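Quick caveat, the model's predicted, so the values are computed rather than measured. Chain letters run A, B, ... following the sequence lines, proteins first, then strands; residues in each count from 1.
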2 protein chains.
Amino acid sequence: MKSYAHSTRLLVAIDCIIFGFDGEELKLLLIKRRFEPEKGKWSLMGGFVNEEEDLEVGAERILHELTGLHNIYVEQLQTFGKVDRDPVERTLSVVFFALINIHNHDEESVKSHSACWISLKQMPKLIFDHEKMVQLALERLRYKAALHPIGFELLPQQFTIPQLQKLYEAIYDLKLDRRNFSRKILSTGLLLDTGEKNANSATKKAILYRLNKEKYESNFNNFWYFMPVTT
Amino acid sequence: MKSYAHSTRLLVAIDCIIFGFDGEELKLLLIKRRFEPEKGKWSLMGGFVNEEEDLEVGAERILHELTGLHNIYVEQLQTFGKVDRDPVERTLSVVFFALINIHNHDEESVKSHSACWISLKQMPKLIFDHEKMVQLALERLRYKAALHPIGFELLPQQFTIPQLQKLYEAIYDLKLDRRNFSRKILSTGLLLDTGEKNANSATKKAILYRLNKEKYESNFNNFWYFMPVTT
DNA sequence: TCTAAATGTGTCAAAACAACACAATAATAG
DNA sequence: CTATTATTGTGTTGTTTTGACACATTTAGA
């Protein structure tokens with residue numbers, strides 16, 4: 001048997017939601033679409049699945065094409081398959097989201113794609129159902145970051161507790177108590193004191209930490225309770 | 001423009017993981033595959049996506065075909081797309097999982113598909129990558145049921161607290177303290193006392209509760225902390 | 001050297017939690 | 001009819017965690 005006697009075969013795309021954090025705001029790397037329809041409009045970075053390519057490999061290819069990076073945090077979000085989601089032809093979109101350090105990317109390839117880091121709070125209109133994808137990705141990020149230590153993927157190797165707090169505040173769009181946050185984070189044992197201190201600070205220099213990799217990996221699938229419960 | 005000038009179109013299947021609970025064990029509704037390859041082997045219920053059919057609609061169609069039920073709890077899990085996952089031809093599988101009351105299903109259609117409720121602890125070998133799908137679905141169920149009140153989907157309309165506890169113990173494969181569990185569940189306000197008591201009990205009859213729908217819906221996306229933290 | 005802004009650490013009362021005890025109910029055995 | 005046994009409902013207690021808040025320390029710049 002070489003194939004199933006079934007005719008409906010669909011075009012399959014991969015779209016990537018790329019999160020970054022600039023120290024103040026949560027941002028997305030968006031591109032200006034380079035072909036019709038909707039040419040010139042804001043869009044997620046995407047591409048079609050190749051014939052002999054696994055989905056995850058396709059996602060990495062597409063992410064690499066835009067950012068120049070390998071080995072970044074990627075997770076499959078969901079597949080969007082509404083019949084009319086693409087006006088040209090029915091196209092399934094397998095959506096991934098990625099977390100990267102906003103300062104680690106290839107400026108050239110970003111430029112050549114007319115890509116831009118845009119704050120989640122100033123999101124422009126996006127093509128097709130891409131806004132729904134972003135919405136879902138944000139929910140998933142909030143969900144996951146509240147329970148698993150993935151926030152670190154958005155920060156540099158060395159970071160301070162106040163930086164980490166600002167990140168969580170950006171993700172959840174709320175203010176946290178400095179002292180309680182610090183206590184909670186330190187109690188996880190995920191942070192290792194590097195001995196160094198933050199250089200560029202106008203006031204008291206904060207301690208630089210790095211991630212405790214062993215603890216991170218061994219306990220990744222445990223639940224942490226980073227966020228306060230809101231009932 | 002009528003289509004994209006791109007040739008790779010893929011066959012897309014939908015596979016459904018159907019969870020049930022018989023009062024003691026967590027079970028899956030599995031079928032014996034009715035066509036080649038792997039004819040006669042255990043498999044998840046599935047089918048191909050129709051040309052003019054949304055993914056969710058396809059999932060409901062497939063679930064209805066096997067169980068005779070409509071309006072059941074369904075959630076998209078993930079899309080499996082390894083190039084060689086189906087030996088015949090590359091086929092994407094969009095996987096859904098469903099939670100149903102094990103006593104609500106059409107015996108006839110279940111029989112005609114040679115389907116069977118099988119305990120998770122006695123799972124047979126499954127075709128292709130279906131075991132991975134089940135594994136992922138179980139993880140997702142554990143994840144979700146710890147934080148959101150979806151367990152109720154597996155129980156009859158009226159249920160007792162000991163029944164609910166047995167359900168959670170089955171999902172997480174652990175023993176819980178009866179008294180602490182009761183206190184925690186009641187404190188959510190999700191349970192309404194029906195005034196009735198469990199009939200078929202050899203000893204003290206337990207209070208029958210039903211779900212507080214308003215609370216269920218309004219607070220569904222809040223986090224509940226049903227399960228103890230294991231750090 | 002004084003000020004202002006940010007950081008590190010500590011306190012305390014309230015809430016949540018795990019471990020455990022005891023009384024009430026209902027079928028069954030004697 | 002009573003004792004036994006299994007199960008259910010509810011309470012107690014000491015410990016831990018949490019949220020709200022105070023105070024001292026560091027650094028750049030006035």
Decide whether B/Thr160 and B/Asn198 meet the rule of one side-chain donor and one side-chain acceptor closer than 3.5 Å. no

B/Thr160 vs B/Arg183, nearer the 5' end of DNA chain D by closest nucleotide: B/Thr160

Counting heavy atoms not belonging to A/Asn71, are there more than 12 under 6.0 Å from its CG? no

With sequence neighbours excluded, give me every salt bridge (Lys or Arg N to Asp or Glu O under 4.0 Å) pair touching residues 170-179 of chain A. A/Lys121-A/Asp173, A/Glu169-A/Lys175, A/Asp177-A/Arg179

Looking at the side chain of A/Lys205, which of D/dT8, D/dT27, C/dA27 is the nearest nucleotide? D/dT27

Look at all strands and tell whether B/Ile207 reaches a base, only sugar-phosphate, or nothing, counting heavy atoms closer than 4.0 Å. sugar-phosphate

Mind checking whether B/Tyr168 and B/Tyr172 have parallel, tilted or perpendicular rings, split at 30° and 60°? parallel

Nearest-Å distance for atom pair CG/P, residues A/Asp177 and D/dG19: 9 Å

Ring-plane angle category for A/His70 and A/His64, please: parallel below 30°, perpendicular beyond 60°, tilted otherwise. parallel

Could you check how far NZ of A/Lys166 sits from P of C/dT7, rounded to whole Å? 7 Å

Determine: side-chain N/O of B/Lys197 to OP1/OP2 of D/dT8, distance under 4.0 Å, yes or no. no

Mind calculating the distance between CD (A/Gln165) and P (D/dG19) to the nearest angstrom? 13 Å

Would you please say whether a donor-acceptor pair under 3.5 Å links the side chains of A/Tyr73 and A/Glu75? yes

Tell me, what's DNA chain C's dot-bracket, Watson-Crick or G-U with both distances under 3.5 Å, | for other-strand, [ ] crossing? ||||||||||||||||||||||||||||||

Atom CG of B/Leu176 and atom C1' of C/dC17: how far apart are they, to the nearest Å? 14 Å

Taken to the nearest whole Å, NZ/A/Lys184 to P/D/dA20 is 12 Å

Rounding to a whole Å, what distance do you find between B/Gln163:CD and D/dG9:P? 11 Å

Aromatic contact between A/Tyr143 and B/His148, with the criterion being ring centroids under 6.0 Å apart: yes or no? yes

Below 3.5 Å between N/O atoms, which protein atoms pair up with nucleotides 1-7 of chain D? Just atom names and distances, please.
from  : atom 1 : to       : atom 2 : distance (Å)
D/dT7 : O4'    : B/Thr203 : OG1    : 2.8

Once you round it to whole Å, what is the distance between P of C/dG8 and CZ of A/Arg179? 13 Å

Quick check on the 6.0 Å ring-centre criterion: do A/Phe159 and A/Phe152 meet it? yes

Can we say B/Asp22 and B/Lys27 salt-bridge, meaning some charged N sits less than 4.0 Å from an Asp/Glu carboxylate O? yes

Find the distance A/Ile185:CD1 to C/dT7:P and express it as a whole number of Å. 15 Å

